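Remarks on the structure that follows.
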Amino acid sequence: MTRMRTRLIVLQALVLILLAALTVRLWQVQVVRGPELMNRATETRTRVVIVPAVRGQILDSSGRPLVRNKTALVVSVDRTGLTRMKDQGRKVLGKLSQVLGRPVAHLAKRITPCGPKVPKPCWTGSPYQPVPLDEKVDTREALQILERQEEFPGVSAEIHAVREYPGGRAGAQMLGYLSPVTEAELEKRVGLKATFSGVDLAGREGIEYVYDEELRGKAGLRRVQVDRMGKALGVEQEVEPVAGDHLVTSIDSRIQAVTEKALQKAMKSAPQADGGAAVVLDPQTGRVLALSSAPDYDPAVWAGGISERMYRHLLSEKSGKPLVSRAINGQFAPGSTFKVSSVTSMLRAGYPLNGKYSCPGSVNVGGRAFNNFRGIPLGTLSLHLALVKSCDTIFYRAAFEEYTRDGGRSPKKNAKEVFANTARKFGFGSPTGIDLPGESSGRIPDRRWKKETWALTSATNCKRAGTGYPEVKDAARAAFLKRLAHENCTEGFVLRPGDSANFSIGQGDVLVTPLQLARAYAALVTDGKVRSPRIGWALVRPDGKVVKKVPVPVVGKLPLQEKERLYIKNALSQVASDGTAAGAFSGFPMDKVRIGGKTGTAEVWGKTDTSWFASFAPTKNPRFVVVVMVSQGGMGAQTAAPAAREIYEGIFGIKKPAALPGGKPVSKLPAFAPDGTVIRE
């Protein structure tokens, strides 16, 4: 009996202890950790799915797609989920390798975050963003993943919209590309963080970058109720994504195609050519009709992530660095195309518009002979014929006289620097402000620039003046560089007489971009107003409603009276028929379409000359300004002018059906149906 009572007491004690432990545990769970466990339970029951918005298309002036979307099956991996697995996700990657037919090592590199010591391919986006591994999977491969989801945790196969380029390589630098958003960008770019879905991409270059926010749209979300095994039970909340706006540009894909073909042909015709650009503007509106740069590349290489090998190739000297747009970033001496600024400088300095000027074969500038082209004297000329025949010595003398009036090597305090300041009025020496990122400013080498450059380079020049250039194999070039280093060391801060002479004919240290030159000529042959060119024309909602038109701002005015501007324009109108470009336009039907312009041949030490042709048509009422530049292309009439002729032939249909049957740029935005499709007339 006593033994039985003892057992009951022990049993009761155990029960009480267990009840006490259970009570304590319940108190911990419900009181102490109640909120935490409640949140966990809620997270377990609900999954938030980000629904990316469809990115807007980029269209030409008639509504033809320059960049459009195509649907594709995309396999993505939750990198964070893989790293939490015991084997760091190696087993999952191994199975993915079998399905996708790609080595495990390659897949591992693709999901590794990029860093200073991590070569491409690597992941440039946020570590919390799904990493797309393949954007070209077929249905069979996707089903292998979806039907065996338990074998592929953290892996998804979904339909996404990816970028497609109907024009292939045409305008690649202008259009830009997409790539994943980085953490740093989310903090820096205003508006990006608020609309970022976590899975969409951002514009990197070109108009994809400039109009990224409008094109990207706004992501939606879906809250899905799931059981503890992750099986969907129902949709708790759904917010539809807002598709991005379409961007209608002023680019005419027909003119762009003609321009690309002409530039490529020009590059092939010049054996030493290493780069080129062609710009077509509507001078009456300041809108860009075509923008081409060579060498080019296929923008589709960015889709799905670019390989390290391809990325290095695009940046290499061997490939010609095709990522760089020669149209807005290429800075070259403009040669005689710059003389429109120099004529204006002479007029502003007081030289008579209808005066007569001697054009000898050579003039003395600061004790040094500066020769006309091939030293040929052209007699006494008007400024009109000085442009048509491209006399150099008239401009040499005028520039040297103005240099002397300003005080020469010891400038006056109120030095006018007419030639430099007039060039700035034409828009040279500063970016045009076009709606593209990273535009170069060019260079106007005045006295201030000389001093600033000397301050930055004198130490190096003085050192080289002593050591020379032993690494340069060409003895003549090495001697020249050493002599130049000595001059720049001792008096590099001084604007020399020869500097002013070279400047007047677009040589020496003056640099311009093809777009700057096109912008200047557009102002010259229309109303004298300097505009900031635009590619974007209007933003249109997916339902066809115009949201916003992109204006073209006027940013300056040429320092010319109307009669002076028309005088220069009329002189340029003879260049293609009776001047330096006559050979290039031999047989062209000037009675149907008269072309005006100016050739330019800029010397570059150690290289073949840079070939330029800046032009406009029709001369009476210009609707097109065409500028072509070919680096190491030779004389302007030899390479650039024939390319410009081919562009005009394509536009006006001289030898084949016209790219523009009416001979005028598109003036009205395309019409859209309620479903967002373009209405073809």
Side-chain angles (χ1 to χ4, degrees), residues 333-360 362-366 370-373 377-408 411-412 414-429 444-447 495 497-508 510 512 517 520-521 523-525 528 530 556-575 579-580 598-600 614:
S336 292
T337 61
F338 193 71
K339 287 176 181 174
V340 295
S341 173
S342 296
V343 167
T344 305
S345 300
M346 290 177 65
L347 297 176
R348 296 289 67 79
Y351 292 83
L353 179 65
N354 296 308
K356 296 297 181 179
Y357 302 89
S358 174
C359 181
S362 177
V363 295
N364 186 291
V365 175
F370 278 74
N371 300 322
N372 216 3
F373 179 67
L378 299 177
T380 300
L381 305 176
S382 63
L383 289 178
H384 179 104
L385 285 177
L387 286 172
V388 175
K389 302 301 181 182
S390 203
C391 172
D392 290 339
T393 50
I394 288 175
F395 298 103
Y396 288 148
R397 181 182 287 118
F400 180 53
E401 288 172 351
E402 289 307 303
Y403 169 83
T404 304
R405 288 192 185 101
D406 280 341
K412 302 174 182 178
N414 59 344
K416 295 181 179 180
E417 296 197 89
V418 175
F419 277 76
N421 289 327
T422 299
R424 292 191 181 91
K425 291 288 186 179
F426 272 77
F428 300 125
I444 298 299
D446 57 6
R447 287 178 167 85
L495 188 71
D499 295 329
S500 64
N502 280 326
F503 181 88
S504 70
I505 64 162
Q507 292 278 186
V510 61
V512 306
L517 195 63
Y521 272 70
L524 181 67
V525 302
V530 180
K557 194 175 189 308
L558 298 182
L560 284 166
Q561 298 175 17
E562 184 68 5
K563 67 176 182 178
E564 295 171 334
R565 188 181 62 77
L566 292 176
Y567 181 95
I568 297 173
K569 176 188 170 186
N570 289 336
L572 298 177
S573 298
Q574 282 188 247
V575 170
T580 54
K598 188 77 187 76
T599 55

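These numbers were taken from a predicted model, which means no experiment stands behind them. Both backbone and side-chain heavy atoms feed into the values below; hydrogens, waters and symmetry mates do not.
- Judged by distance alone, with hydrogens and angles left aside, the side-chain atoms of Lys412 form a donor-acceptor pair with the main-chain N or O of Arg405 at under 3.5 Å.
- Counting heavy atoms from C-beta outward, Asn372 and Cys391 have side chains that approach closer than 4.5 Å.
- Between the side chains of Ser336 and Ser390, at least one donor N or O sits under 3.5 Å from an acceptor N or O.
- Across all their heavy atoms, Arg397 and Pro360 have their closest contact at NH2-CG, 3.8 Å.
- Interatomic distance, Lys425 NZ to Lys557 NZ, rounded to the nearest 0.5 Å: 10.5 Å.
- Between the Asp406 side chain and the Pro411 main chain, no donor and acceptor come within less than 3.5 Å of each other.
- Annotation for Leu347 and Leu353: closest pair CD2-CA, 3.7 Å, computed over non-hydrogen atoms.
- One distance of note links CZ of Phe395 with OH of Tyr357; it measures 9.5 Å at 0.5 Å rounding.
- Sorted by first and then second residue, the side chain to side chain donor-acceptor pair (under 3.5 Å) pairs with a member in residues 378-388 read His384-Gln574; sequence neighbours excluded.
- When the side chain to side chain contact (heavy atoms under 4.5 Å, CB included) test is applied to Ala423, the partners found at least two apart in sequence or on another chain are Phe338, Ser341, Phe428, Ile444, Phe503.
- Proximity of a side-chain donor or acceptor of Ser504 to a complementary backbone N or O of Ser342 within less than 3.5 Å is not detected.
- Closest approach of Arg565 and Ala523 over heavy atoms only: CD-O, 4.0 Å.
- Residue Ala501 comes nearest to Val365 through the heavy atom pair CB-CG1, 4.1 Å, listed as atom of the first residue, atom of the second, then distance.
- Here the shortest heavy-atom pairing between Asn364 and Gly366 reads OD1-N, 3.8 Å.
- Scored by the side chain to side chain contact (heavy atoms under 4.5 Å, CB included) test, Asn371 finds Ser362, Ala369 as partners (sequence neighbours excluded).
- Legend: residues meeting side-chain hydrogen bond (donor to acceptor under 3.5 Å, both in side chains) with Arg424, ordered by chain and number and at least two apart, are Asn421, Asp446.
- Closest of all the heavy-atom pairs between Leu381 and Cys359 is CD1-CB, 3.9 Å.
- Taking CG of Leu383 as the reference point, atom OH of Tyr351 lies at 10.5 Å (rounded to 0.5 Å).
- Residue-environment remark: NZ (Lys569) exceeds the threshold of 12 foreign heavy atoms within 6.0 Å.
- Applying the side chain to side chain contact (heavy atoms under 4.5 Å, CB included) test to Arg348 and every residue at least two apart in sequence or in another chain returns Thr344, Val418, Thr422, Pro559, Leu560, Gln561, Glu564.
- Between the side chain of Lys339 and the main chain of Leu387, no donor-acceptor pair closer than 3.5 Å is present.
- By the ring pair (Phe, Tyr, Trp, His ring centres under 6.0 Å) test, Tyr396 is found to be paired with Phe370, residues two or more places apart in sequence or in another chain being considered.
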Problem set entry | Thr337 vs Val512, side-chain contact (heavy atoms from CB on, under 4.5 Å): CA-CA, chis, key distance, verdict | CA-CA 11 Å; Thr337 61; Val512 306; 5.9 Å; no
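- With hydrogens and angles disregarded, a donor-acceptor distance shorter than 3.5 Å links the side chain of Tyr403 to the backbone of Leu495.
- Atom CZ of residue Phe373 and atom CG of residue Leu378 lie 11.0 Å apart, to the nearest 0.5 angstrom.
- The closest side-chain heavy-atom distance from Val343 to Tyr567 is not below 4.5 Å.
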